[in-house]
Amino acid sequence: MSPPNDFEIGDRIRIGEKIGEIIKIDPRANATIIKVAFEEGPVRDFVSPPSRIEKILSPLEQLQEGIFDSPIHFDLHFEAMRLSLAYAYDHLLSLACTRTNLEPYQVEAVYKILNTYKHRILLADDVGLGKTIETGMVLKELSLRGFAKRILIIVPAPLCFQWQRELRERFDENFIIYGSSYVDTMRDSLPKDANVWEANHRVITSLDYVKRGEALNELERTNWDVIIFDESHKLSATRYGNKIERSLRFRLAQALHDKTESLILLTATPHKGDPFAFYSLLTLVDPYIFENERKILSAKLNDIMIRRGKDGIIDAEGKPVFRAREVVTVPISYNDKEKALYDAVTGYVQEFYNLAKAQNNRAVGFAMVLLQKRMVSSIVAIRSSLKNRLTNLVKGVIPLAKEEEVRLRDYFEDPDSLDDWEKDKFESRLEVLSLSTTPEGLKKEISVLKALIKFSEEISIDSKGEALAEFIHGVLEKDPKEKILIFTEYRDTLNYIIGILKERGFNPLVIHGEMEMGARREAERHFQSPAFNLMVATDAAGEGINLQFCHIMVNYDLPWNPNRIDQRIGRLHRYGQKRDVKVHNLFVTNTREGQILARLMQKVAIIEKDLGGKISEIVGFILEGVNLQDLIMRAIAENRPVEVTAQNIERAIEERKTAYETIEKSFLMDLKKFDLEETLRVIERSKERSAKEIEIERFTRSFFDLFGGKIEPTRKKLVYRLIPPKEILQEGLKDRYDAITFSREVAKNLGEDVEFMAFGHPLLDAIIDYCRDKNYRFGGRAATKYTDRFKKTGILFNFLLCFDDATGKTINEDILPVFVDIDEEVELLSPRDIADFDKASSDAHFHEIEEIQPNISVIYEKAYETALHKAKESCSYVQKRKDREIRIKREDTQRFFNTKIREEDERLQDYKKRLSLGEDMAIAIRGSEKRLEDLKTGLTKALDRLEEEDLVVERNPELISSAICVPRSKV
């Protein structure tokens, strides 16, 4: 315990395990009252004696008093500080601490997002470019910097598992999926007034689950560091004259967009041809950048939007990253029996579809749609549906429950809102719905269904199945190692395909929606092995499964939602694909559907050629405006000739093509294109500054050596068994790690079989935290050491340079090592050159340092002046960057509010004029005056916030450690 008269205001002290700073000393007769401010908690008074107050010496005081720690403690403390600051302010840490190969174009996107204002962006890269990977990199960067403790990812339901898997396997980031059953269980386990959305900090949830009800109410009361919306084009808002219609999904985004500092919207089709919808999406990212949809400027979009197509994306060697893709039509004809069944089913569908339409019963109309789709999928599928419908008609159909009606509305709005298993189950429920009818009418429908079932059972050969088997045989005969992915929409058809393939000696793998995610991944792993050539899958293969190692795909049936076709192709034609992708679409030529779908694909192929091969970039946009299901069913219901429907489709596609070209010229043409050279410079700078694998391994080994931890080799090269020392064991750490590596390449190749010791791993975090010594127990702040680094004896001072804005938020930090020799010559050093962990670098003896000790204060002043000058230089650089950022935001804010104020003022003057002419305008005038006042207040507040953020203040350089260094030649 230090005597009270040894204390001064500003001294750092320890009381128990708490660290504080003395802010007032009040001497009394028999004691001294010492007022202490702690880093956390209130200011407190302590009476000394009897309070045990221990003064913590600064590094300079330790040098002056000859109190030294060992060189290894010094190196560990310094390196922990350096690594912890690399977390916060290095260029791109994810280049070194993720398990994925990162292409330059992905690095470019991440670097731009990290340098945008508050990390708010519309990321609109093309399908397959890896927006999930790019976003995962951003999350990793923000997490390592301490900016992303609470993250909410909102995606369409089928994509929840895909996001969870990608983030865990590529970035070692673990997220919990929030669905209704999980949330209900959580609510039961939490106190009654607890918010379930605050119980976990890393959450993935589905868009339609949280857009209404209790989930939305709870979410609106939370705050997050980062919120991500995938498929954000589904957040739709439309203007009809003076009326604006905002979907529940858009209202969800509106409710949450200001509940987070960072917001990332992902979509491959940011603009659907509606300028107001596009403008509405942009306002979620930055409400002030454009006054309205007519004021959108292409060049200005660069501030908040990234958009690159596959065309022009190249790797570090200048080679195209993405392979070509070819879509081929495989024509098939129904035989006479199949065609007769098709005509009979179509006649039944036509009759009841028209009846449902007349009664305005969308649900039954949709039941007929499902029967027609299953008819052209397979004989087995339609037979199963007919039997299901017959059974329920005989038993009596149960009307849809209220919850099912809500789900039906969601399904009509977006068929992709359900995952594959939910969709299959829900469609089975829908296909049995019937219209109100008389007993005679019911009896007649039952009779028709029985006849259709009997007819289907007489057909033993499915022409599509035969054609598929022949196609597969031909491919594998040419190359027995080839792999083929076969897609179908329905489980019944999937089971049929599996059966005919097994009959012909094939051993296909399968993925469908009812399989657990673990079983799906197991099937994926098997498919990647040489033992298997074939996989048959429903659209569940697009839910968290990666199949880029396969390049041949067969669409056994084509979804009537054209975007699903592109999504299927996107499972193969995406980042990581090494070969040209070949897609074979099976079409039944003597059906309406087959002919219509064939014309659709032909037209899209022509547009691809017209627009220079940008098919994947525009197909989603073009097909967005084609309601294929409605066109097909109208053709069936009204007996329209196929040619008429095909012409309608071609006309709609041409209109979308024109809209695409207009949008490119009006809005998106000036968006920045991929710049390889600039990105390679970013990568090189990041590699220079980032901690290398060997440095993290050296740091870890030195710590384990000092405290008796064990690092043992295993049978796998560069994979180790670690037994951490007891000093750092805490909650979240294991007392044994059986497979861990410091090598990114090994971690990438071995996947989840090995842990990756890199930034973000809890063991490395714990070692860094322990050596940083926030509680002043570890030491390492002052030392003496022998070194070959300097020719003269001198003192190394390590300063921390910090820069804050006016709100007190730290915006930059760096370490500045300054060496001053005994002759007061100054040398600035790289932080990377300080810690050598040299066991031979033992403590220098007193007689070797006594010549410099009397000059410590003078030498320190020389070092401090140098650090202060460097801090002002750096502050000027940081201020210039901040000035530019804030200037742009201030201009946007003033332009936005001034336009709104002018419009409202004009409206107010009009109201007053009408009042003078005798109209009753009192209420309208009060409302307008209130809106005008709110706008002026909003402008003032927004500018005040920007003013606070604009100012950059450098703190005085803080000495974090120092060492008297003696040349080894003097030993």
Side-chain angles (χ1 to χ4, degrees), residues 8-14 19-24 35-41 43 55-63 77-91 144-147 689 768-769 771-776 780-782 795-820 826 828-831 834 857 859-886 945-962:
E8 295 180 1
I9 292 174
D11 281 350
R12 189 168 291 272
I13 53 95
R14 176 188 288 111
I19 305 298
E21 182 178 316
I22 296 175
I23 59 174
K24 184 178 180 182
K35 189 177 288 291
V36 180
F38 295 100
E39 292 181 0
E40 296 180 1
V43 173
K55 180 179 178 179
I56 297 172
L57 297 180
S58 70
L60 182 62
E61 288 171 327
Q62 283 189 244
L63 285 187
H77 174 262
F78 177 85
E79 195 70 349
M81 291 295 296
R82 182 177 80 88
L83 293 176
S84 66
L85 293 187
Y87 273 68
Y89 301 102
D90 208 343
H91 287 279
L144 294 175
R145 288 163 166 76
F147 298 153
R689 296 195 61 182
I768 290 173
D769 192 55
C771 293
R772 281 191 65 184
D773 194 27
K774 294 178 182 177
N775 292 323
Y776 294 84
R781 286 176 169 76
I795 305 177
L796 171 66
F797 298 96
N798 297 315
F799 291 99
L800 179 65
L801 309 184
C802 295
F803 307 93
D804 303 332
D805 63 20
T807 67
K809 178 182 176 182
T810 300
I811 56 177
N812 200 13
E813 286 182 325
D814 210 348
I815 285 183
L816 179 70
V818 180
F819 179 74
V820 183
V826 177
L828 296 179
L829 305 173
S830 165
I834 301 306
S857 295
I859 291 175
Y860 171 74
E861 287 301 323
K862 191 80 174 177
Y864 184 81
E865 286 175 13
T866 302
L868 193 61
H869 177 73
K870 195 70 178 176
K872 291 185 181 300
E873 273 186 7
S874 299
C875 184
S876 175
Y877 172 73
V878 174
Q879 183 70 68
K880 285 178 183 176
R881 288 185 58 188
K882 195 73 172 173
D883 284 346
R884 180 185 176 279
E885 181 182 273
I886 297 299
R945 282 196 301 270
L946 290 173
E947 195 67 34
E948 287 181 349
E949 293 177 16
D950 190 18
L951 182 64
V952 178
V953 180
E954 81 271 15
R955 296 187 216 162
N956 289 330
E958 178 187 351
L959 182 64
I960 57 172
S961 63
S962 60

(request) Give a yes or no on whether Tyr877 atom OH has more than 12 heavy-atom contacts from other residues, nucleotides or ligands under 6.0 Å away. (result) no

(request) Return the minimal non-hydrogen interatomic distance between Pro59 and Ala782, and the atom names on each side. (result) O-CB, 4.0 Å

(request) Applying side chain to side chain contact (heavy atoms under 4.5 Å, CB included) between Ser961 and each of Ile834, Asp773, Asn798, Leu796, report the one that passes. (result) Asn798

(request) Please assess Val820 against Ile795 for the test side chain to side chain contact (heavy atoms under 4.5 Å, CB included), listing each intermediate value before the final yes or no. (result) CA-CA 6 Å; Val820 183; Ile795 305 177; 5.8 Å; no

(request) Hey, could you give me the CG/CG distance between Leu951 and Asp883, rounded to the nearest 0.5 Å? (result) 9.5 Å

(message) Side chains of Tyr860 and Leu959, heavy atoms from C-beta outward: is any pair under 4.5 Å?
(response) yes

(request) Could you tell me whether a side-chain N or O of Arg772 sits under 3.5 Å from a main-chain N or O of Ser84, the two making a donor and an acceptor? (result) no

(message) How close do Leu816 and Ala867 get, counting heavy atoms only, and between which atoms?
(response) CD2-CA, 3.7 Å

(request) Indicate the atoms forming the closest heavy-atom contact of Phe803 with Ser874, along with that distance. (result) CZ-CB, 3.5 Å

(request) Measure across Arg781 and Ile960 and return the closest heavy-atom pair with its distance rounded to 0.1 Å. (result) CG-O, 3.6 Å

(request) For the residue pair Leu829 and Val818, establish whether any side-chain heavy-atom pair is separated by less than 4.5 Å. (result) no

(message) Would you compute the distance between atom CG of Leu83 and atom SG of Cys771 and round it to the nearest 0.5 angstrom?
(response) 9.5 Å

(request) Rounded to the nearest 0.5 Å, what's the gap from CG on Leu60 to CD on Glu861? Could you check? (result) 8.5 Å

(request) For Arg955 and Asp804, work out which heavy atoms get closest and say how close. (result) NE-OD2, 2.9 Å

(message) Any non-hydrogen side-chain atom of Lys774 less than 4.5 Å from a side-chain atom of Ile19?
(response) no

(request) Working to the nearest 0.5 Å, report the span between CD of Glu61 and CD1 of Ile56. (result) 11.0 Å

(request) List the atom of His77, the atom of Gly780, and the distance in Å for their closest heavy-atom pair. (result) ND1-O, 3.7 Å

(request) Dump the intermediate steps for side chain to side chain contact (heavy atoms under 4.5 Å, CB included) on Ile768 and Glu79, then the final yes or no. (result) CA-CA 8 Å; Ile768 290 173; Glu79 195 70 349; over 6 Å; no

(request) Measure the CD-CG distance between Glu21 and Asp11 for me, rounded to the nearest 0.5 Å. (result) 8.5 Å

(message) If you apply the rule side chain to side chain contact (heavy atoms under 4.5 Å, CB included), what do you find for Ile815 with Phe78, and how did you get there?
(response) CA-CA 10 Å; Ile815 285 183; Phe78 177 85; 3.7 Å; yes

(request) Answer whether the closest heavy-atom distance between the side chains of Ile886 and Glu947 falls below 4.5 Å. (result) no

(message) Any non-hydrogen side-chain atom of Phe799 less than 4.5 Å from a side-chain atom of Lys870?
(response) no

(message) Between Glu948 and Arg945, does any side-chain N to carboxylate O distance fall below 4.0 Å?
(response) no

(request) Verify the distance criterion only: is there a donor paired with an acceptor across the side chains of His869 and Glu873 at less than 3.5 Å? (result) yes

(request) Supply the atom-to-atom distance Leu868 CG to Asn956 CG, rounded to the nearest 0.5 angstrom. (result) 6.5 Å

